[in-house]
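Report on the following structure.
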Amino acid sequence: MTTGQVKNLCETTRTKLKEAIAKMELFLNHYSMPQLLTESDPAMEEFYRGYLSDMRHLLVFCEVAYEKLGGSLRRPNFNEEFAERTLYDVYHNCVNGFYYPQNECYSEDGRYAYTGQDAIRFRKKPSREARNLTIELSKIFEELREDLTYYETDYMTQRRMQGERV
């Protein structure tokens, strides 16, 4: 990848992260457990506790990556190595953080990925607001996953082949 391509990828990635951050912040600042729980159901309480925890963690990962990308883009001399490491982190912390949430309140069902249907399947039926947020985020993170596929495995393989310590 050329320096220009890496820089462009940093810019588009940062824009997509900004959109995801805005959506998560709006949701997390507006909804809490009492608003999401419509009935006294311990299983739903556990579901939302995990869901909100995963969203807060994902928000932090995205904010950190957003700031790193911004710093990388503002430097007088673009540091390609730092930028690529940050893009690698975006893939492994943000994209994987979305698709493999710690509390497993939802998961991606690959059978639906190419049908035009939503590929996200929830463990419990969430509120409309939580469902909408997750589906909106899935569109952003799907684009990021496609854009950053190189950083899934090829980036580290290339670094190891160059004899660099990772």
Side-chain angles (χ1 to χ4, degrees), residues 1-28 50-123 126 130-166:
M1 224 184 264
T2 67
T3 301
Q5 289 172 318
V6 173
K7 192 171 188 175
N8 286 342
L9 188 55
C10 286
E11 290 169 351
T12 59
T13 299
R14 189 166 190 263
T15 300
K16 289 172 186 169
L17 286 175
K18 183 178 183 177
E19 183 183 354
I21 289 166
K23 289 178 184 302
M24 286 185 279
E25 281 183 339
L26 183 65
F27 179 86
L28 292 170
Y51 181 82
L52 291 170
S53 176
D54 287 341
M55 284 297 131
R56 287 190 295 267
H57 281 97
L58 182 60
L59 176 60
V60 170
F61 283 131
C62 290
E63 288 174 331
V64 168
Y66 177 82
E67 289 303 318
K68 282 184 175 181
L69 288 169
S72 179
L73 291 166
R74 285 189 300 272
R75 289 183 179 176
N77 297 320
F78 185 72
N79 183 334
E80 187 175 353
E81 188 176 319
F82 177 79
E84 286 208 293
R85 180 59 198 210
T86 303
L87 291 170
Y88 172 85
D89 289 342
V90 169
Y91 187 91
H92 287 276
N93 294 332
C94 302
V95 174
N96 284 343
F98 175 77
Y99 283 107
Y100 305 103
Q102 181 179 359
N103 292 291
E104 300 178 346
C105 294
Y106 62 86
S107 62
E108 180 183 35
D109 188 338
R111 295 176 293 185
Y112 293 95
Y114 303 103
T115 64
Q117 298 178 33
D118 294 326
I120 300 297
R121 297 292 174 243
F122 292 91
R123 188 179 59 185
R131 182 188 181 287
N132 289 348
L133 171 68
T134 309
I135 299 305
E136 289 173 14
L137 291 175
S138 73
K139 292 175 176 115
I140 296 168
F141 285 105
E142 178 61 32
E143 288 178 18
L144 283 170
R145 181 166 59 182
E146 289 172 11
D147 293 349
L148 302 174
T149 189
Y150 167 75
Y151 297 96
E152 182 178 13
T153 56
D154 295 346
Y155 169 76
M156 290 308 260
T157 302
Q158 180 183 356
R159 290 283 181 231
R160 286 189 187 105
M161 287 174 61
Q162 293 172 349
E164 293 184 21
R165 189 168 170 216
V166 184

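Distance OG/Ser72 to CD/Glu81: 11.5 Å, rounded to 0.5 Å. Atom SG in Cys105 sits 12.0 Å away from atom CD1 in Ile120 (nearest 0.5 Å). To the nearest 0.5 angstrom, Thr13 atom OG1 is 4.5 Å from Leu148 atom CG. Note that CG of Asn8 is 8.0 Å distant from OG1 of Thr2, once rounded to the nearest 0.5 Å. Annotation: the span from Arg14 atom CZ to Leu73 atom CG amounts to 6.5 Å, rounded to 0.5 Å. Taking CG of Leu144 as the reference point, atom CD of Glu19 lies at 9.5 Å (rounded to 0.5 Å).
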Would you check, one step at a time, whether the test side chain to side chain donor-acceptor pair (under 3.5 Å) holds for Ser138 with Tyr106?
CA-CA 11 Å; Ser138 73; Tyr106 62 86; over 6 Å; no

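For Glu104, the CD atom is loosely surrounded, since the number of other residues' heavy atoms within 6.0 Å does not exceed 12. Counting heavy-atom neighbours within 6.0 Å of Tyr100 OH, excluding the residue itself, gives a total of 12 or less. More than 12 heavy atoms of other residues, nucleotides or ligands lie within 6.0 Å of CD in Glu11, so this atom counts as buried by the packing criterion.
Counting only distance, with no hydrogens or angles, the side chain of Tyr151 and the backbone of His92 share no donor-acceptor pair below 3.5 Å.
A pairwise comparison of heavy atoms in Leu17 and Cys62 identifies CD2-SG, 3.9 Å as the closest pair. Residues Val95 and Arg145 share a closest heavy-atom pair of CG1-CB, 3.8 Å. Cys10 approaches Leu87 most closely through the heavy-atom pair SG-CD1, 3.9 Å. Closest non-hydrogen pair, Lys23 versus Leu133, comes out as O-CD1, 3.7 Å.
Applying the salt bridge (Lys or Arg N to Asp or Glu O under 4.0 Å) definition to pairs two or more places apart or across chains, those involving residues 51-68 are Lys68-Asp89.
For Phe141 and Phe98, the distance between ring centers is under 6.0 angstrom.
At least one side-chain heavy atom of Tyr150 sits under 4.5 Å from a side-chain heavy atom of Glu84.
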